[in-house]
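Presented below is the structure to which this report refers.
Below, read A as the first sequence line, B as the second, and so on, with proteins coming before strands; counting in each chain starts at 1.
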Amino acid sequence: MKNEMQIQFSALSQNESFARVSVGAFIAQLDPTMDELTEIKTVVSEAVTNAIIHGYNENPAGTVQLIVVLEDDTVAITIRDDGKGIGDVEQAREPLYTSKPELERSGMGFTIIENFMDELTITSGDQKGTTVYVKKQLSKNKVVSH
Amino acid sequence: MSFHVETEQKNSVLCVRLQGELDHHTASAVRDKVDEALANPQIKHILLNAEGLTFMDSSGIGVILGRYKKLQARGGELVICTVSSSVYRLLEMAGLFKVLRLEEGEDHALRTLGEAV
Ligand SMILES: Nc1ncnc2c1ncn2[C@@H]1O[C@H](COP(=O)(O)OP(=O)(O)O)[C@@H](O)[C@H]1O
Ligand SMILES: [Mg+2]
């Protein structure tokens, strides 16, 4: 069975926790392990924070879109912004690379996302906005409870 | 979401206790509170107690590294204690254990920094 949810919100930092909590509540129906839940919340936090800080320069007029699709045991998440985009996606994915060291960014966002998910696709370009698509298959060997 | 930073000076050590979820939104509270305390030149080391930390992302890594750099300038150490397995994983992934030391509990960590409890 396929189940989908979509939300969009202003590019405000207080919405980072709202995004994590919303996704966590939605995927609860797949009965993820604590580790899987933490990993997915962390990934959402990273991508949403990137949209707010890098995409929109923290301008609250910007809108972040979040789509979650559940199918069987798979969670697919899309995080999209219409912000300034990424000119060099390869460079952005490198561990420790950040374009905003003055904001004490660690440059670990995409590395963490890659580590926690099975799949990561970044679609972007200079001034073209950014779409981050991630996918993760949840473990099936859990105790079945009814 | 409630987030809380508590600081307490014990001679040369600044104990920083975090409560709640550390992300980009809450990182500035940690930065401001710790940097304000670091204005006191008597403080050499930071002991970060992560016991109450229920979530952390890479913004937490950034704020920890930023404080580490400030201590380096005064020859101090950054010690972290009572970390959950998920926080441990992130610190490990970012290579932070090359620059900060992990200890079990606050009392023990304080002793390793030469402060009596
Ligand atoms: N949504 C986005 N819009 C524009 N640039 C982005 C976006 N997401 C990531 N980037 C770019 O990719 C770089 C690496 O991102 P990340 O690994 O999360 O590190 P950090 O956020 O710490 O800089 C950022 O510094 C930024 O230049
Ligand atoms: Mg980031």
Side-chain angles (χ1 to χ4, degrees), chain A residues 9-24 32-58 60 64 79 92 95-117, chain B residues 1-5 16 18-35 38 46 48 50 52-73 78 80 83-100:
Chain A
F9 47 86
S10 307
L12 283 164
S13 65
Q14 51 267 51
N15 288 332
E16 293 155 7
S17 67
F18 166 71
R20 292 195 296 273
V21 171
S22 305
V23 173
T33 64
M34 277 306 285
D35 278 351
E36 287 167 340
L37 189 62
T38 303
E39 286 162 1
I40 290 170
K41 281 183 165 182
T42 308
V43 165
V44 168
S45 200
E46 295 296 346
V48 167
T49 301
N50 279 353
I52 294 171
I53 300 182
H54 302 298
Y56 294 124
N57 260 311
E58 308 204 44
V64 182
I79 301 99
L96 305 177
Y97 171 78
T98 180
S99 55
K100 289 193 186 290
E102 73 283 3
L103 293 185
E104 295 192 340
R105 305 305 308 160
S106 61
M108 287 300 293
F110 283 137
T111 306
I112 291 168
I113 295 175
E114 249 183 324
N115 256 281
F116 284 175
M117 304 302 276
Chain B
M1 181 187 65
S2 68
F3 179 77
H4 189 70
V5 196
V16 181
L18 304 177
Q19 208 94 49
E21 308 195 349
L22 178 54
D23 63 4
H24 158 245
H25 182 67
T26 58
S28 55
V30 180
R31 185 163 45 236
D32 294 350
K33 190 118 192 219
V34 173
D35 288 359
L38 286 180
I46 292 177
L48 198 61
L53 204 58
T54 51
F55 176 85
M56 188 180 98
D57 66 14
S58 75
S59 300
I61 294 169
V63 77
I64 293 172
L65 266 176
R67 307 293 74 63
Y68 166 75
K69 285 177 187 158
K70 296 211 153 188
L71 289 182
Q72 236 185 345
L78 204 161
I80 189 165
V83 300
S84 67
S85 60
S86 56
V87 170
Y88 181 91
R89 242 176 112 187
L90 277 198
L91 296 173
E92 171 105 278
M93 214 183 276
L96 250 64
F97 293 124
K98 288 187 205 119
V99 298
L100 54 87

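Note: B/S59 leads B/G66, B/G60, B/S85, B/S59 in heavy-atom pairs under 4.5 Å with chain A. Of the residues considered (A/T42, A/T38, A/T111), A/T42 shows the highest number of contacts with chain B, using heavy-atom pairs under 4.5 Å. The candidate with the highest count of non-hydrogen atom pairs below 4.5 Å against chain B, out of A/K41, A/E46, A/M34, is A/E46.
In this structure, OH in B/Y68 is found 14.5 Å from CG in B/L48, a value given to the nearest 0.5 Å. Annotation: the span from A/R105 atom CZ to B/L65 atom CG amounts to 12.0 Å, rounded to 0.5 Å.
Residue A/L12 does not touch chain B at all, counting heavy-atom pairs closer than 4.5 Å. For chain B, the nearby part of A/F116 is the side chain; its heavy atoms alone come within less than 4.5 Å.
By the 4.5 Å heavy-atom criterion applied to side chains, A/I112 and B/D57 are not counted as neighbours.
With A/E16 as reference, A/T49 is the one residue of A/V64, A/V44, A/T49 to meet the side chain to side chain contact (heavy atoms under 4.5 Å, CB included) rule.
B/S58 contributes no side-chain N or O that, together with a main-chain N or O of A/M108, makes up a donor-acceptor pair within less than 3.5 Å. Of the possible donor and acceptor atoms, none in the side chain of A/S13 sits under 3.5 Å from a partner among the backbone N and O of B/H24.
Chain A is approached within less than 4.5 Å, heavy atom to heavy atom, by B/R89, B/L90, B/M93, B/A94 from residues 89-98 of chain B, ordered by number.
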Verdict with supporting geometry, B/L100 and B/R67, side-chain contact (heavy atoms from CB on, under 4.5 Å)
CA-CA 11 Å; B/L100 54 87; B/R67 307 293 74 63; over 6 Å; no
